[in-house]
Amino acid sequence: MGTMDAGTVADLRAALRGPLLGPDDAGYDAARSVWNAMIERRPALLARCAGTADVRTAVQFARRHGLPLAVRGGGHNIAGSAVCDDGLVIDLSGMRGVHVDPDTRLAQVDGGALLSDVDHETQAYGLAVPLGINSTTGVGGLTLGGGFGWLSRMLGLTIDSLVGAEIVTADGARRQVGPRQEPDLFWALRGGGGNFGVVTRFEFALHRAGPEVTAGLIVFPEGQGRAVLRRYRDFVDTLPDDLSVWAVLRRAPPLPFLPPAVHGTGIVALAVFSTLPPDAALPRFAPLRDFGEVLGEHVGAVPYAAWQRTFDPLLAPGARNYWKSHNFKQLSDAALDVVLDYAAQVPTPQCEIFLGLIGGRANAPSAGSAAYPHRDILYAMNVHGRWQDPADDARCTAWARAFYQACLPYAAGSVYVNFLTQDEAGRIHEAYGANYARLVEVKRRYDPDNLFRMNLNIVPSGAVARVASSP
Ligand SMILES: Cc1cc2nc3c(=O)[nH]c(=O)nc-3n(C[C@H](O)[C@H](O)[C@H](O)COP(=O)(O)OP(=O)(O)OC[C@H]3O[C@@H](n4cnc5c(N)ncnc54)[C@H](O)[C@@H]3O)c2cc1C
């Protein structure tokens with residue numbers, strides 16, 4: 001632990017407004033656990049920061065004492081980059097404030113806020129930021145990687161609504177960034193992950209959406225998946241921006257609108273979403289019902305904030321998870337056959353394959369306008385290996401890896417940084433493409449000693465690093 005001794009730790013504790021936790025403190029084990037139970041790390045200290053002053057103190061402390069440093073937002077990152085072994089974790093879970101100004105349509109969001117915090121405050125005015133699909137995800141990590149969800153086809157990525165941020169950089173300085181203040185750093189934050197500092201506050205432009213939207217699920221048997229997925233692909237190829245349909249292949253959970261005989265069987269679920277009211281949206285989703293035999297359906301008006309929580313039970317923390325992901329510009333028949341082949345072999349009932357539809361307004365900005373470069377893809381496909389028993393580690397990761405390999409010939413050759421696991425540092429060029437060189441330049445300027453390296457690391461030398469392992 002570098003040059004630290006007990007007196008030094010006591011000084012840090014006294015200098016913070018929020019609590020400092022070490023291995024002997026109550027709450028240490030809960031504080032070091034993250035969404036993915038595969039990640040088991042033991043930090044020396046966790047500073048549960050209460051505000052920007054605490055964050056500055058903690059950053060300066062880590063630098064001065066040569067400690068590995070991790071930053072925890074919502075703790076969802078699949079690679080476990082929110083925690084490190086033996087070092088200091090800056091834990092932002094005590095900084096979840098959200099302040100909405102409905103007149104200017106701007107929201108100030110603290111760096112540790114969850115998606116549900118933002119949805120709760122913004123929906124009170126029928127306003128929204130396009131965020132992800134699981135309400136317990138952290139705004140911090142999601143935004144810094146790009147951020148997409150149900151609203152993205154209509155309103156763009158999360159970063160496309162980011163208009164400014166307060167950040168504490170490696171030198172301990174607080175900086176206000178935006179299109180005209182430190183524009184290179186602002187560019188890098190929009191996709192470059194946690195490489196550049198600790199964002200203590202995000203400022204988002206808000207959009208009209210909700211409080212009611214039209215959304216739900218239409219479920220088909222996996223046995224008809226070939227026809228369903230091909231017709232789905234053709235349908236979304238010409239889909240207007242105000243509609244979205246994602247496809248999920250998995251074993252059917254015990255949803256009340258599905259007959260009990262269907263529970264546990266292989267299904268293709270089409271998840272539909274639109275901000276339009278049901279009378280406008282439902283007729284436009286009607287053709288989906290002809291794609292095959294509908295096993296069950298639940299589509300209609302729903303509060304947007306409730307829809308944002310719909311998938312939370314399937315994505316609860318505490319399970320073991322291993323993901324593999326590809327972006328796709330299009331899905332050929334052969335690619336869909338691979339998807340179906342591996343969906344039929346899911347090693348546990350919790351595993352799933354999803355095709356997240358992006359495109360629309362998310363592809364309007366140019367590839368160089370922000371660090372996130374993938375403005376030409378239509379789908380982000382993710383294979384969720386998910387299980388409970390450590391004895392299943394090998395066969396579940398093997399399934400995900402084999403699926404990834406089988407899809408490789410059909411994929412776009414790019415990947416969303418927020419879906420990368422800890423063994424995928426070698427895919428950094430897939431994550432950043434032509435924007436990588438500029439990211440390295442910004443990294444050299446703001447974090448030349450690579451203090452912020454628990455992430456898909458942009459190394460100041462331009463070399464490829466390991467991901468989210470203890471340095
Ligand atoms: C169940 C689930 C569903 C998901 N759904 C979506 C989705 O619909 N759309 C989507 O785009 N992504 C989605 N993701 C991916 C998600 O965006 C990433 O996992 C993201 O890293 C989570 O952010 P976090 O703050 O919760 O994670 P953390 O693990 O806390 O942080 C992730 C990284 O971001 C850094 N970081 C976090 N906050 C800050 C901050 N304030 N300042 C500086 N660095 C920070 C951390 O240091 C770390 O490197 C999902 C993930 C999960 C597990």
Side-chain angles (χ1 to χ4, degrees), residues 33-39 41 49 52 55 59 69-84 89-93 95-96 109-117 130-152 157-159 165-170 188-189 191-202 244 246 271 273 308 310-319 321-323 325 350 352 354 356-358 362 372 374 380 382 384 386 416-422 447 451-458 467-468:
S33 73
V34 292
W35 181 82
N36 183 2
M38 293 281 274
I39 307 296
R41 301 205 178 111
C49 295
T52 303
V55 172
V59 166
L69 179 64
V71 180
R72 182 194 174 100
H76 263 220
N77 189 271
I78 187 74
S81 49
V83 280
C84 57
V89 172
I90 292 182
D91 179 350
L92 300 175
S93 61
M95 293 172 57
R96 289 174 53 183
V109 177
D110 287 352
L114 305 184
L115 307 197
S116 56
D117 300 325
L131 296 167
I133 64 151
N134 172 218
S135 78
T136 60
T137 310
V139 174
L142 178 122
T143 303
L144 295 172
F148 70 91
W150 302 112
L151 289 171
S152 297
L157 299 179
T158 309
I159 49 169
E166 179 189 79
I167 180 169
V168 175
T169 43
L189 286 188
N195 273 285
F196 303 96
V198 186
V199 176
T200 43
R201 206 181 56 241
F202 297 91
S244 191
W246 292 24
F273 176 88
Q308 285 286 89
T310 298
F311 297 93
D312 289 0
L314 294 177
L315 297 168
N321 290 273
Y322 184 80
W323 292 1
S325 180
Q350 292 173 286
E352 65 180 26
F354 86 74
L357 188 69
I358 312 183
Y372 173 96
H374 314 298
N382 204 349
H384 285 182
R386 187 171 161 87
Y416 178 38
V417 66
N418 274 347
F419 289 165
L420 287 174
T421 50
Q422 67 267 33
D447 187 15
L451 182 68
F452 297 103
R453 57 184 182 272
M454 291 299 297
N455 38 51
L456 186 70
N457 194 209
I458 296 158
V467 179

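In listed order, ligands and their atoms are each counted from 1. Note: hydrogens, waters and symmetry copies are ignored here, and every other heavy atom, side chains too, is used.
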Please could you name the atoms of ligand 1 that [X] approaches to less than 4.0 Å, counting only its heavy atoms?
{"X": "Trp35", "result": "1 (C), 53 (C)"}
{"X": "Asn455", "result": "49 (O)"}
{"X": "Val198", "result": "42 (N), 43 (C)"}
{"X": "Gly140", "result": "37 (C), 38 (N)"}

Record the part of [X] in heavy-atom contact with ligand 1 below 4.0 Å; permitted values are side chain, backbone, both and neither.
{"X": "Ile133", "answer": "both"}
{"X": "Ile167", "answer": "neither"}
{"X": "Trp323", "answer": "side chain"}
{"X": "Phe452", "answer": "neither"}
{"X": "Leu144", "answer": "side chain"}

Original post:
At their closest point, which heavy atom of Asp447 faces which heavy atom of Ala170, and how far apart are they?
Top reply: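 Residues Asp447 and Ala170, closest heavy atoms: OD1-CB, 3.4 Å.
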Out of curiosity, is [X] lining ligand 1, as in a heavy atom under 4.0 Å away?
{"X": "Phe419", "value": "yes"}
{"X": "Gly197", "value": "yes"}
{"X": "Gly147", "value": "yes"}

Cut-off 3.5 Å, side chains only: do [X] and [Y] have a donor facing an acceptor?
{"X": "Asn195", "Y": "Asn457", "answer": "yes"}
{"X": "Ser135", "Y": "Asp312", "answer": "yes"}
{"X": "Thr52", "Y": "Glu166", "answer": "yes"}

For [atom], what's the nearest protein heavy atom and its distance?
{"atom": "atom 17 (O) of ligand 1", "result": "Asn418 ND2, 3.1 Å"}
{"atom": "atom 48 (C) of ligand 1", "result": "Ser81 OG, 3.2 Å"}
{"atom": "atom 11 (O) of ligand 1", "result": "Tyr416 OH, 2.6 Å"}
{"atom": "atom 4 (C) of ligand 1", "result": "Thr137 OG1, 4.1 Å"}
{"atom": "atom 9 (N) of ligand 1", "result": "Phe148 O, 2.7 Å"}
{"atom": "atom 24 (P) of ligand 1", "result": "Gly74 N, 3.4 Å"}
{"atom": "atom 34 (O) of ligand 1", "result": "Gly141 CA, 3.4 Å"}
{"atom": "atom 47 (O) of ligand 1", "result": "Val71 O, 2.7 Å"}

If you measure every N or O of [X] against every N or O of ligand 1, does any of those distances drop under 3.5 Å?
{"X": "Gly73", "value": "yes"}
{"X": "Gly111", "value": "yes"}
{"X": "Gly75", "value": "yes"}
{"X": "Arg72", "value": "no"}
{"X": "Asn134", "value": "no"}
{"X": "Met454", "value": "yes"}
{"X": "Gly149", "value": "no"}
{"X": "His76", "value": "yes"}

Subject >> Atom pair CD1 (Ile133) and CZ (Phe148), whose distance is rounded to the nearest 0.5 Å >> reply: 8.0 Å
**OP:** Evaluate the side-chain proximity of Ile167 to Val198: yes if any heavy-atom separation is below 4.5 Å, no if none is.
**Re:**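 No; the side chains remain at least 4.5 Å from each other.
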Nearest option to [atom], as decided by whichever heavy atom of [options] sits closest:
{"atom": "atom 26 (O) of ligand 1", "options": "Ser325, Gly132, Ala82, Gly138", "result": "Gly138"}
{"atom": "atom 21 (O) of ligand 1", "options": "Asn77, Asn457, Leu314, Asp91", "result": "Asn77"}
{"atom": "atom 41 (N) of ligand 1", "options": "Val417, Leu142, Ile90, Val199", "result": "Val199"}

Original post:
Per the side chain to side chain contact (heavy atoms under 4.5 Å, CB included) rule, which among Leu315, Leu114, Leu131, Leu115 passes with Thr137?
Top reply: Leu115
